[in-house]
Amino acid sequence: MSDVIVIKGAVSYPITLDPTVWVFDDRKFDLREYVGEQEGADHRQAKYLQGTGSQWDKELAEGAQPPSERKKTLAEERKVLEGDYGILLAPFINNAEPSAEATRVRLHREGLEPYELTLADAKRAILQFAKDGKPIRENGPVYFYLPETLLAKEAPIDRIYAMEFIV
C-alpha cells in the first residue's frame, strides 16, 4: 500500500498528495457532521460565524492573546484524535491544472481494476483521510466518496495510489 497519491496524466503540474498531513489543514471537516454539498456550505458558514462571534466575545472579556499562546481545550484536542475527517478533492485538482482536453479521471487501485469517472464528478469528490483520528492504513491511504455515496453510507472506492487525468 502506498502512503501517497500521485496526480498525473493530462495536467500542467503533476503533484503528490500526502494525506497524513491533512489533519493540520483548515479545509478538513468531520464526516460525521457532513450533511451534503449545499447544506454543508451553509452549515460551515454558520459554524464559522458562530465561532467568530464567540471568539470576539471571549477577547472582549479576557483580552486578546497572541495565537502562539492560545491553548486548545482538552475537548478540542480530543476531537482531533477521535474524528473521521475528509477533505474536498477539487482544490488539489485545480492546483494540478488539468488540460482543457481532459474529461475523465482514472483512479488506479492497488491490486484492483482502475475506476474511471468524469472530471466533473472528480471535482465533487471527498477524500476521507482519517478514521477515529488515525490515518487510514487498511485499504488506504484514502477512501474516495462522491457526496451521494457518502450520505447513502455506501462503500468507498479504496486502495488508490494514483489519479490519472485522461483525454
Mind listing the side-chain donor-acceptor pairs of residues 13-20 below 3.5 Å, one per line with the distance, residues two or more places apart or on another chain?
{"unit_1": "D18", "atom_1": "OD1", "unit_2": "T20", "atom_2": "N", "d": "3.2"}
{"unit_1": "D18", "atom_1": "OD1", "unit_2": "T20", "atom_2": "OG1", "d": "2.6"}
{"unit_1": "D18", "atom_1": "OD2", "unit_2": "T20", "atom_2": "OG1", "d": "3.4"}

Salt bridge K134-D132, side-chain N to carboxylate O under 4.0 Å:
no

Should Y85 and W22 count as side-chain neighbours, where that means a heavy-atom distance under 4.5 Å?
no

Nearest-0.5 Å distance, OG1 of residue T52 to CD of residue Q50
10.0 Å

Decide yes or no for I126 and Y143: does some side-chain heavy atom of the first lie under 4.5 Å from some side-chain heavy atom of the second?
no

Those residues at least two apart in sequence (or on a different chain) that pass side chain to side chain contact (heavy atoms under 4.5 Å, CB included) with E113 are none

Please list, chain by chain and in numerical order, all residues satisfying side chain to side chain contact (heavy atoms under 4.5 Å, CB included) with T149, sequence neighbours excluded.
Y145, L146, E154

Are L127 and F24 joined in one hydrophobic group, where the rule is that I, L, V, M, F, W and Y side chains link up if heavy atoms are under 4.5 Å apart?
yes

Take F144 and L107 through the side-chain contact (heavy atoms from CB on, under 4.5 Å) test and state the conclusion after the steps.
CA-CA 10 Å; F144 182 100; L107 305 176; 4.0 Å; yes

D25 with K28: basic N within carboxylate O range, under 4.0 Å:
no

Kindly say whether the aromatic ring centers of F29 and Y34 come within a distance under 6.0 Å.
yes

Please check: side-chain N/O of E101 versus main-chain N/O of T103, any donor-acceptor pairing under 3.5 Å?
no

Apply salt bridge (charged side-chain N to carboxylate O under 4.0 Å, His left out) to K131 and list each qualifying residue two or more places apart in sequence or on a separate chain.
D84

If you link ILVMFWY side chains whenever their heavy atoms are less than 4.5 Å apart, which other residues fall into the same cluster as L112? By chain and number, please.
none

Expected list for residues 155-166: side-chain donor-acceptor pairs under 3.5 angstrom, two or more places apart:
{"unit_1": "D158", "atom_1": "OD1", "unit_2": "R109", "atom_2": "NH2", "d": "3.1"}
{"unit_1": "R159", "atom_1": "NE", "unit_2": "N139", "atom_2": "OD1", "d": "3.0"}
{"unit_1": "R159", "atom_1": "NH2", "unit_2": "N139", "atom_2": "OD1", "d": "3.0"}
{"unit_1": "E164", "atom_1": "OE1", "unit_2": "H108", "atom_2": "NE2", "d": "2.7"}

Can you hop from V142 to V6 via hydrophobic side chains spaced under 4.5 Å?
no

Please tabulate, for side-chain N and O atoms in residues 86-98, each donor-acceptor pair with protein atoms closer than 3.5 Å (sequence neighbours left out).
{"unit_1": "N94", "atom_1": "ND2", "unit_2": "A90", "atom_2": "O", "d": "3.4"}
{"unit_1": "N95", "atom_1": "ND2", "unit_2": "P91", "atom_2": "O", "d": "3.4"}

